[in-house]
**Q** 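Below you will find the structure I want to go over with you.
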Amino acid sequence: MIKSPRGTRDLLPPDTALWNFVEAAVRDVFRAYNFHEIRTPIFESTELFARGVGEETDIVAKEMFTWEDGERFDEKKLIEEWLKANQSDDPHQVQDGRVNVQGNPSFLTRLKELGVQLQVWRGIQTKSGLTGRVELVAFRDKVSADAIEALRKARSLAKSEYSPEFQNHSISPRLVFPDRVPILYSKKTGGIFGDVIVEGLPGNFFSSSQSLTLRPENTAGIVRAYIEHKLWDRGLNKFFSIGPMFRRERPQKGRYRQFYQIDAEVIGPPSSGSESPARDAEILEMVATLLDRVGITGWTLELNSVGCTNDRAKFNEALRKALEPVVAKMCSDCQRRAVTNPLRVFDCKVPEDQPVIAKLPRISHFLDEPCRAHFDEVQAILKSIGVPYTINDRLVRGLDYYTRTAFEFTHGALGAQNAILGGGRYDGLSEALGGPPAPGIGFAIGEDRLVLSLSASAESVIRKPDVYIAPLGDGMNGEAARLARELRRHDLVVELGDETFRLKKSFEAADKAKARYILIVGENEVKADAFALKHLASGKQDTVPRAELAGRIAQGG
Ligand code: AMP
């Protein structure tokens with residue numbers, strides 16, 4: 001049986017009703033705050049996330065679904081580079097890096113068929129004369145079982161058939177492939193597969209390739225679109241989007257590899273007031289309204305300021321110093337982070353590292369005056385509108401682009417993955433992506449988690465059929481369909497039966513569909529143009545003329 005891939009899931013009815021309920025409610029709220037919908041592609045260039053989110057973040061370094069698209073493998077270049085590095089210094093045996101084999105054309109033809117080449121001769125001077133090794137090499141775009149098998153065949157052919165002049169030489173099969181230093185972090189590949197040496201050659205052996213990534217978050221995509229379409233020229237600066245995101249995380253409750261986010265972003269030139277603490281407070285108040293609106297109570301807003309570039313540099317320096325004497329005891333990720341981007345040490349989830357992290361300096365002590373004043377003003381406005389919050393100066397969020405205000409809304413019902421949503425300000429992101437100065441602030445709600453923390457049930461928000469139409473007897477399907485069409489035009493939810501059903505079966509079907517009414521369409525009813533309408537809960541039944549049906553069904557409880 002084919003199942004949905006690990007970390008993905010099907011959203012099924014009736015749960016989808018809850019999702020629609022949430023989406024309809026948030027769309028209403030966004031309308032009231034003058035946010036407009038933007039839909040960006042679910043994949044983007046890998047570079048967007050590397051530059052936007054940050055190469056040292058867990059998201060970019062470990063969790064992205066990335067692939068090379070539209071690429072062509074340049075085998076010639078791979079061969080040339082490999083030969084350059086492996087050129088034999090014995091000109092008698094080798095021409096242009098290829099071994100000179102005389103006398104056995106069928107062997108060479110067979111090798112060619114296998115896609116294997118007889119390449120460099122490596123002569124070694126020993127006491128008994130010149131011996132050496134001949135490389136049997138397959139050049140491939142990747143390591144594959146087929147290529148390894150071909151090399152094994154070539155080797156046994158060589159043993160039995162190759163030119164006598166190589167009798168004294170050993171033959172080593174070797175598979176050479178482009179070890180693409182993955183764009184973002186380098187991973188050494190290669191090794192020995194039985195008797196075959198597998199060798200990765202670093203460098204770019206693919207042409208016209210483009211690295212693409214399924215979006216792990218959408219702020220970078222929205223800012224990309226903002227820059228690409230010069231949205232500031234159109235006076236647009238408040239956007240929302242709803243859609244799937246992809247991260248290769250370890251799946252657990254509330255954490256999936258395909259999950260859904262509801263994003264909202266305010267971004268614009270500084271002259272539009274996009275830098276103002278009033279925007280931060282407005283966004284936070286909007287989230288509070290939104291959570292109230294979908295009926296989520298008991299949330300906590302955790303708030304911090306992660307400062308600006310200046311503060312960050314000083315803070316990173318202080319962290320680097322503080323980490324120096326202790327980092328050797330920490331996990332390997334932290335050891336790397338301590339050098340490349342110390343702030344990311346706060347993302348560490350290894351339990352043994354937590355006591356060390358707890359003693360590290362706090363960002364709140366490093367804020368410069370403008371950042372402190374900005375943060376104070378955000379808090380003052382929140383107090384005046386009555387949005388409760390707690391300060392958490394350990395909250396740095398797992399994305400590099402954040403500046404100043406950073407926040408999370410958490411909910412107790414969610415267990416370990418308790419953040420319903422997170423967000424913050426990203427004043428330098430547009431410039432980092434090659435755009436004009438455009439301070440911004442936004443958030444992403446984890447829709448999966450929002451739905452998990454709803455107290456409403458799917459049953460309570462789903463709209464059940466108002467009426468089940470039961471055609472009774474031959475030739476009644478057409479009449480029933482005509483009635484269904486009329487009633488549906490009155491915005492009624494109509495479920496339609498089939499004329500082959502007996503009355504008992506129609507009643508069972510109406511019950512199962514949880515319809516409020518059942519409407520009987522038989523020959524007599526059609527003749528009279530009045531139909532038997534029965535309210536299923538009370539058992540009350542009436543004959544209702546066609547013209548009055550819609551009104552009666554709409555009114556009836
Ligand atoms: P982030 O983009 O990491 O700031 O995440 C924003 C919100 O998205 C989080 O607070 C979660 O609610 C949600 N989220 C992030 N990753 C996942 C995931 N793998 N599965 C489900 N929800 C997620």
Side-chain angles (χ1 to χ4, degrees), residues 4-11 15 18-19 22-23 26 40 42 44 48-49 52-54 56-65 213-223 240-265 283-284 287-288 290-291 294 296 299-304 306 343-344 346-349 392 394-426 429 440-454:
S4 74
R6 190 168 132 82
T8 69
R9 59 198 183 129
D10 301 305
L11 302 174
D15 287 351
L18 275 179
W19 287 70
V22 164
E23 289 173 16
V26 301
T40 58
I42 64 162
E44 298 267 2
L48 174 68
F49 304 113
V53 177
E56 265 306 316
T57 59
D58 280 355
I59 293 179
V60 172
K62 303 181 189 163
E63 297 169 359
M64 297 204 303
F65 290 93
T213 292
L214 290 182
R215 62 183 186 191
E217 62 95 53
N218 206 24
T219 303
I222 293 175
V223 175
F240 76 89
S241 81
I242 301 177
M245 306 294 153
F246 306 85
R247 295 182 194 173
R248 194 183 272 113
E249 294 189 272
R250 200 168 51 79
Q252 53 182 276
K253 185 185 170 216
R255 194 202 273 161
Y256 311 98
R257 292 183 160 188
Q258 171 171 342
F259 59 100
Y260 295 80
Q261 282 189 340
I262 300 169
D263 275 90
E265 314 287 346
I283 278 268
L284 290 165
V287 175
L290 213 150
L291 295 179
V294 294
I296 291 184
W299 46 261
T300 306
L301 161 57
E302 294 187 22
L303 196 60
N304 194 21
V306 295
L343 187 73
R344 297 270 68 92
F346 290 105
D347 300 339
C348 176
K349 301 198 180 73
N392 173 1
R394 286 292 183 214
L395 181 80
V396 296
R397 317 261 310 113
L399 301 90
D400 273 354
Y401 53 61
Y402 285 117
T403 53
R404 294 192 166 172
T405 311
F407 57 90
E408 262 174 22
F409 281 71
T410 55
H411 195 271
L414 286 170
Q417 306 299 322
N418 67 353
I420 310 180
L421 69 99
R425 187 163 267 293
Y426 44 83
L429 181 57
I441 179 165
F443 62 83
I445 301 177
E447 196 176 352
D448 306 73
R449 295 190 197 166
L450 186 66
V451 170
L452 275 174
S453 40
L454 287 182

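The residues of the chain are indexed from 1 along the displayed sequence. We use all heavy atoms of the structure for the numbers below, so side chains are in, but hydrogens, waters and symmetry mates are not. Whatever order the structure lists ligands and atoms in, that order sets their numbers, starting from 1.
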**Q** Can you list the ligand 1 atoms lying under 4.0 Å from a non-hydrogen atom of I420?
**A**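 Taking each heavy atom of I420 in turn, ligand 1 has 10 (O), 12 (O) under 4.0 Å.
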**Q** R248: what forms a side-chain contact (heavy atoms from CB on, under 4.5 Å) with it, not counting sequence neighbours?
**A** F65, R257
**Q** Measure from atom 13 (C) of ligand 1 to every heavy atom in S453, G424, G446, G7 and give the option owning the shortest one.
**A** G446
**Q** Going by distance alone, is a donor N or O of one side chain under 3.5 Å from an acceptor N or O of the other, for T57 and D347?
**A**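 There is no such pair (donor and acceptor under 3.5 Å, judged by atom type) between the side chains of T57 and D347.
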**Q** Below 4.0 Å from ligand 1: does a non-hydrogen atom of G398 turn up there or not?
**A** no
**Q** Does I242 have any side-chain contact (heavy atoms from CB on, under 4.5 Å) partners at least two apart in sequence or in another chain, and if so, which?
**A**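 Testing I242 for side-chain contact (heavy atoms from CB on, under 4.5 Å), a comparison that skips the adjacent residues, returns E23, V26, R27, F240, I262, E447.
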**Q** Atoms of ligand 1 less than 4.0 Å from R397 heavy atoms?
**A**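 In order of number, 1 (P), 4 (O).
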**Q** Please find the pair of heavy atoms, one from G52 and one from L429, that lie closest to each other, and give the distance.
**A** CA-CD1, 3.7 Å
**Q** As a test of understanding, state which of N218, I445, T40 forms a side chain to side chain contact (heavy atoms under 4.5 Å, CB included) with D263.
**A**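 For D263, the side chain to side chain contact (heavy atoms under 4.5 Å, CB included) test succeeds with only one of N218, I445, T40, which is N218.
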**Q** Any N or O of E249 that comes nearer than 3.5 Å to an N or O of ligand 1?
**A**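 N/O-N/O distance under 3.5 Å: yes.
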**Q** Determine, considering heavy atoms only, which of F259, Y256, F246 sits nearest to atom 15 (C) of ligand 1.
**A** F259
**Q** Does D448, backbone or side chain, put an N or O under 3.5 Å from an N or O of ligand 1?
**A**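 There is no such contact.
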**Q** Answer yes or no: is there a side-chain heavy-atom contact under 4.5 Å between F407 and I283?
**A**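 Yes. Closest side-chain heavy atoms under 4.5 Å.
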**Q** Counting only heavy atoms, tell me which of E217, M245, R247 gets closest to atom 2 (O) of ligand 1.
**A**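 Ranked by closest heavy atom to atom 2 (O) of ligand 1, first place is R247.
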**Q** Backbone or side chain, does any N or O of I445 fall under 3.5 Å from an N or O of ligand 1?
**A** no
**Q** Specify side chain, backbone, both or neither for Q261, according to which of its non-hydrogen atoms lie closer than 4.0 Å to ligand 1.
**A**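 Side chain only.
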**Q** Please tell me if the side chains of F409 and F443 come closer than 4.5 Å, counting only heavy atoms from C-beta onward.
**A**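 No, every pair of side-chain atoms sits at 4.5 Å or beyond.
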**Q** Which of the numbered atoms in ligand 1 are under 4.0 angstrom from any heavy atom belonging to A444?
**A** 6 (C), 7 (C)
**Q** To which of A419, G254, P251, A406 does the heavy atom nearest atom 10 (O) of ligand 1 belong?
**A** A419
**Q** Determine, stepwise, if the pair Y426 / T219 fulfils side chain to side chain donor-acceptor pair (under 3.5 Å).
**A** CA-CA 9 Å; Y426 44 83; T219 303; 5.6 Å; no
